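One structure below.
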Amino acid sequence: MLRLLTALNLALLVLFPVSWAAPLMRAGLLPLFGLSEISILSGLSTLWQDGEAALALLVALFALVAPMAKTVALALIHLGRAPLTLLPAVQTLGKLAMADVFLIALYITLAKGMAVGRVETAWGLWLFTACVLASLAAALGTAHLAKRGALG
């Protein structure tokens with residue numbers, strides 16, 4: 001099981017950055033015009049350029065830093081390079097990453113509720129959500145192995 005968790009976690013080191021560049025949604029002002037694709041990275045760029053530095057940094061923390069820090073920490077634990085005492089911090093980082101999925105869903109719901117334009121979810125939202133859930137499963141599996149004494 002440790003090998004499976006390690007493989008899953010190492011795959012996330014590649015899949016998370018892909019999900020950041022993938023389109024989360026397509027949005028447009030009027031249905032007659034083409035829809036613009038919005039990714040996590042393009043959204044961060046727009047926030048930064050619009051002078052919303054604090055919000056851009058907060059979203060970057062939730063969407064980029066927390067998931068990647070959690071993934072790296074789990075990889076180090078799996079490979080025996082970090083102590084098991086790091087697991088509570090890993091679980092906290094996972095909660096921050098889940099907050100980002102919630103925020104994205106909230107933005108989509110609000111945009112659809114305004115009925116001013118058109119918003120469609122795209123495959124990147126599903127990829128990012130799957131990455132966060134896979135990371136959660138890897139953390140839970142690691143905690144289970146640690147309780148059984150199968151790690152370290």
Side-chain angles (χ1 to χ4, degrees), residues 1-27 35-113 119-152:
M1 182 160 167
L2 179 59
R3 284 187 178 182
L4 177 65
L5 290 173
T6 303
L8 173 64
N9 204 51
L10 293 176
L12 288 173
L13 289 173
V14 174
L15 292 174
F16 265 123
V18 170
S19 73
W20 300 334
L24 296 174
M25 65 183 103
R26 292 177 197 86
L35 299 176
S36 300
E37 290 189 339
I38 301 166
S39 69
I40 291 173
L41 294 178
S42 70
L44 285 172
S45 175
T46 300
L47 285 171
W48 192 266
Q49 291 171 0
D50 288 348
E52 297 289 344
L55 185 56
L57 291 172
L58 188 63
V59 171
L61 174 68
F62 287 161
L64 309 179
V65 176
M68 192 53 71
K70 177 183 176 184
T71 304
V72 169
L74 274 178
L76 293 173
I77 290 170
H78 292 159
L79 298 171
R81 306 282 186 202
L84 291 176
T85 56
L86 197 59
L87 276 177
V90 166
Q91 292 169 339
T92 300
L93 288 170
K95 291 175 185 174
L96 289 176
M98 285 303 293
D100 195 59
V101 172
F102 170 75
L103 286 175
I104 292 168
L106 181 64
Y107 294 148
I108 291 171
T109 302
L110 288 173
K112 285 188 175 199
V119 176
E120 300 173 353
T121 58
W123 65 273
L125 179 62
W126 294 105
L127 177 61
F128 183 70
T129 303
C131 286
V132 170
L133 293 175
S135 180
L136 176 64
L140 290 173
T142 303
H144 178 71
L145 287 178
K147 283 182 186 176
R148 288 188 11 215
L151 287 176

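Because the structure is a prediction, the values reported are computed rather than measured.
If you take CD1 on Ile40 and CZ on Phe16, they are separated by 9.0 Å, rounding to the nearest 0.5 Å. A distance of 11.0 Å separates CG in Leu145 from CG in Leu140, rounded to the nearest 0.5 Å. Taking OG from Ser19 and CH2 from Trp123, the interatomic distance works out to 8.5 Å, rounded to the nearest 0.5 Å. Taking CH2 of Trp48 as the start and CG of Leu55 as the end, the distance is 11.5 Å to the nearest 0.5 Å. Put simply, OG on Ser36 and CD1 on Ile38 are 6.5 Å apart, with the number rounded to the nearest 0.5 Å.
Residues Thr71 and Pro67 approach most closely at OG1-O, 2.7 Å, considering heavy atoms. Heavy atoms only, all atoms of each residue included: Ala138 and Leu8 are closest at CB-CD2, 4.0 Å. Ala122 approaches Pro23 most closely through the heavy-atom pair CB-O, 3.1 Å. Between Leu44 and Ala56, the shortest heavy-atom contact is CD2-O, 3.2 Å. Of all non-hydrogen atoms in Arg26 and Thr121, the two that sit nearest each other are NH1-O, 3.7 Å. For the residue pair Leu87 and Ala146, the shortest heavy atom distance occurs at CD1-CB, 3.8 Å.
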Side chain to side chain contact (heavy atoms under 4.5 Å, CB included) between Glu37 and Leu24, intermediate numbers included = CA-CA 7 Å; Glu37 290 189 339; Leu24 296 174; over 6 Å; no
Checklist entry - Hey, mind stepping through His78 and Thr142 against side chain to side chain contact (heavy atoms under 4.5 Å, CB included) and telling me if it holds? => result CA-CA 8 Å; His78 292 159; Thr142 303; 2.6 Å; yes
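Considering Val90, Leu79, Leu5 in turn, Val90 is the only one that fulfils the side-chain contact (heavy atoms from CB on, under 4.5 Å) rule with Leu74. Applying the side-chain contact (heavy atoms from CB on, under 4.5 Å) test between Ile77 and each of Asn9, Thr6, Leu84, Val72 identifies Leu84 as the sole match.
Put simply, the side chain of Trp20 gets close to the backbone of Ala63: a donor and an acceptor are under 3.5 Å apart. Formation of a donor-acceptor pair under 3.5 Å by the Lys70 side chain with backbone atoms of Ser135 is found in this model.
For the residue pair Ser42/Ser45, the side-chain donor-acceptor check at 3.5 Å is not satisfied.
Side-chain contact between Met68 and Pro17: present, with at least one pair of heavy atoms (C-beta onward) separated by less than 4.5 Å.
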